[in-house]
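Start at 1 and go down the list; that is how both ligands and their atoms are numbered.
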Amino acid sequence: MIILGIETSCDETAVALVKVQRNRLEALSNIVSSQIKLHAKWGGVVPNLAAREHLKNILPVLKTALKKAKVRPSAIDLIAVTQGPGLIPALLIGTNAAKTLSYVWQKPLIGIHHIEGHIYANFIRVNPKSKIQNPKFPILCLIVSGGHTQLILMKKHLDYKIIGQTLDDAVGEAFDKTARILGLGYPGGPIISQLATRNSQPKKKNNFQICLPRPMINSKDFNFSFSGLKTAVLYKMKELQKNKKLQEALAYEFQQAAIDVLVSKTIKAAEKYNPKTIMLAGGVSANQELRKQLGEFIEKNIPSARYILPALSYSTDNAAMVAAAGYFRWREMPAARRKEALRNWQTLQADANLELA
Ligand code: KG4
Ligand code: ZN
C-alpha cells in the first residue's frame, strides 16, 4: 500500500510517500520545505505569512515528493493530511490541497492529529530491511514539541491516555522563548542545544555556578511546567553581566533543567505503568542530550523496556509521520468507513484545536 502524507500545520510545507509492506513502513520520499528563515525575522511564526508560503510551496513540494518516490498518482492508495491542531491559515492550505487531490484522483482521505503523526514517526523504518520488531504495547510516549508536552500511555494502536501534560508552556516553546531572552535566533531549540554543548566542553557545570529551578520535579503527578524556568533565565540575565560565556552557561543550565524534569517524570510514569516500550516524539526529540540522557536512565531504571526514538528526519515536522499514522488509522477501519473515506473531501475541516482521540 502507498500513502501520500501532507503536513502544513505550522511553518513546514511537507509531503511524503510511505510504502507499507507486511506492516513495515518505509518512506519513499519525505520532502520538507522549511520557512524558518522567513519567520526568524519576526522571532516566531506569523500565521498569514506561513499560509502564503504554504500556498506557494505545496504543489512544487508535492511534485518533488512524487518524483523522488517514483510514484504515479494512480499508485496511491490513501491520502493522509494533518487536520489539526495548528495555525488555521496554515492548516487550511494542506487540508484543501488534500481534499482537491482526493476528489480529482478518487482516493480515500483521512485527517490526522499532528501529535498522532509524531507518535507514528517511531514506526517508520530507517532501514527497511531491518529485522527489528514493531514496538510492543503498552507504550509510554513522551511528547515534546513546540505546542505540546505530554506523557501518553497507549495500550493498543490509536488508543491514547494522557497521564500528564504541561500546565503552561510546552518545552519547545520554552526553548524558543529562552532563546529570545538570550538574544539568540529562532527556533531556539537547535541554537540552545549548540551553545549548551560549547559550555559543557570540557565538562564543567558552568562558569557562573548558575542553578535554575527544576519546576514540578517532585510533584506527585506527571504534569510539567516550563514557564517559570524561562522566567528564571530572564532574571539571571538581568542580574549577571551579559556576555557570550553567560549565554552559553544559561543555555546549558536551561537545557539540563528541562531534561532533568522530562526524564524524571518519564521514569516515574514508567515505574507506575510498566510499559514494554518507551518512545520519544515531537520536534524537541531532535535534542541529542535529551535522546542520550533519557536512554541512559531507561537502561538503568527500566531495563525491561525497549527505548525507541524517531530518526532525526522524522523528529521535527514532516509528512512521512502523517502518512504513517494514516496507515494505522486505515488498518483499523471497518470496510464501510473505508468507503466513506472516499467522500471525506466533502466534509473534512481543519481544526486548530483538534483533540487527540
Ligand atoms: O514538532 P515540531 O517540529 O513542531 C511542533 O509541532 O511544534 O517542534 C518544534 C519545536 C520548536 O520549539 C523547536 O525549538 C524544537 O522543536 N526543537 C528543538 C530541537 N530541534 C527542534 N528543541 C531542542 N533541541 C533541538 N535540537
Ligand atoms: Zn510537530
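Near G147, the atoms of ligand 1 lying under 4.0 angstrom from a non-hydrogen atom of the residue are 7 (O). Per-residue contacts place G172 under 4.0 angstrom from the following atoms of ligand 1 (heavy atoms of the residue considered): 12 (O). The S193 neighbourhood of ligand 1 comprises atoms 26 (N), with distances under 4.0 Å to a heavy atom of that residue. Interface atoms of ligand 1 facing A286, defined by a heavy-atom separation under 4.0 Å, are 20 (N), 26 (N). Interface of N287 with ligand 1, defined as ligand atoms under 4.0 Å from a residue heavy atom, comprises 23 (C), 24 (N), 25 (C), 26 (N).
Remark: minimum distance from atom 22 (N) of ligand 1 to any protein heavy atom is reached at G189 CA, 3.2 Å. Scanning the protein for heavy atoms near atom 2 (P) of ligand 1, the closest one is D317 OD1, 3.2 Å. Residue, atom and distance of the protein heavy atom nearest to atom 6 (O) of ligand 1 are H114 NE2, 3.0 Å. Scanning the protein heavy atoms around atom 15 (C) of ligand 1, the nearest turns out to be V284 CG2, 3.8 Å. From the protein, the heavy atom lying nearest to atom 21 (C) of ligand 1 is G283 O, 3.5 Å. Closest to atom 11 (C) of ligand 1, if we only count protein heavy atoms, is D176 OD2, 3.6 Å. Protein heavy atom at the shortest distance from atom 10 (C) of ligand 1 is G146 N, 3.6 Å.
With contacts defined as side-chain heavy-atom distances shorter than 4.5 Å, the pair N57/T8 does not qualify.
Proximity of the aromatic rings of Y120 and H113 is defined here by a centroid distance below 6.0 angstrom, and this criterion is not met.
A salt bridge links K177 with E173: at least one charged nitrogen is closer than 4.0 Å to a carboxylate oxygen. Ion pairing between a basic and an acidic side chain is recognised when a charged N comes within 4.0 Å of a carboxylate O; E53 and K56 show such pairing. Classification of E253 and R214 as a salt-bridged pair holds, one side-chain N sitting under 4.0 Å from a carboxylate O. Between E248 and K245, at least one side-chain nitrogen of the basic residue sits less than 4.0 Å from a carboxylate oxygen of the acidic one, meeting the salt-bridge criterion. Under the 4.0 Å criterion applied to side-chain N and carboxylate O atoms, E116 and R329 are assigned as salt-bridge partners.
For N127, the CG atom sits in a packed shell: over 12 heavy atoms of surrounding residues, nucleotides or ligands are nearer than 6.0 Å.
Ligand 1 lies within reach of P190, whose nearest heavy atom is under 4.0 Å from it.
In this pair, F328 and H157 present their aromatic rings parallel. The plane angle is below 30°, not in the 30 to 60° band.
Residue contact annotation: H118 places an N/O/S atom under 2.8 Å from the Zn ion (ligand 2).
Remark: at the Zn ion (ligand 2), atom OD1 from D317 and atom NE2 from H114 enclose 90°, rounded to the nearest 10 degrees.
The part of H118 lying near ligand 1 is the side chain, judged by heavy-atom distances below 4.0 Å.
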* Could you walk me through whether F226 and F175 pass ring pair (Phe, Tyr, Trp, His ring centres under 6.0 Å), step by step? => CA-CA 9 Å; F226 290 104; F175 266 94; 8.7 Å; no
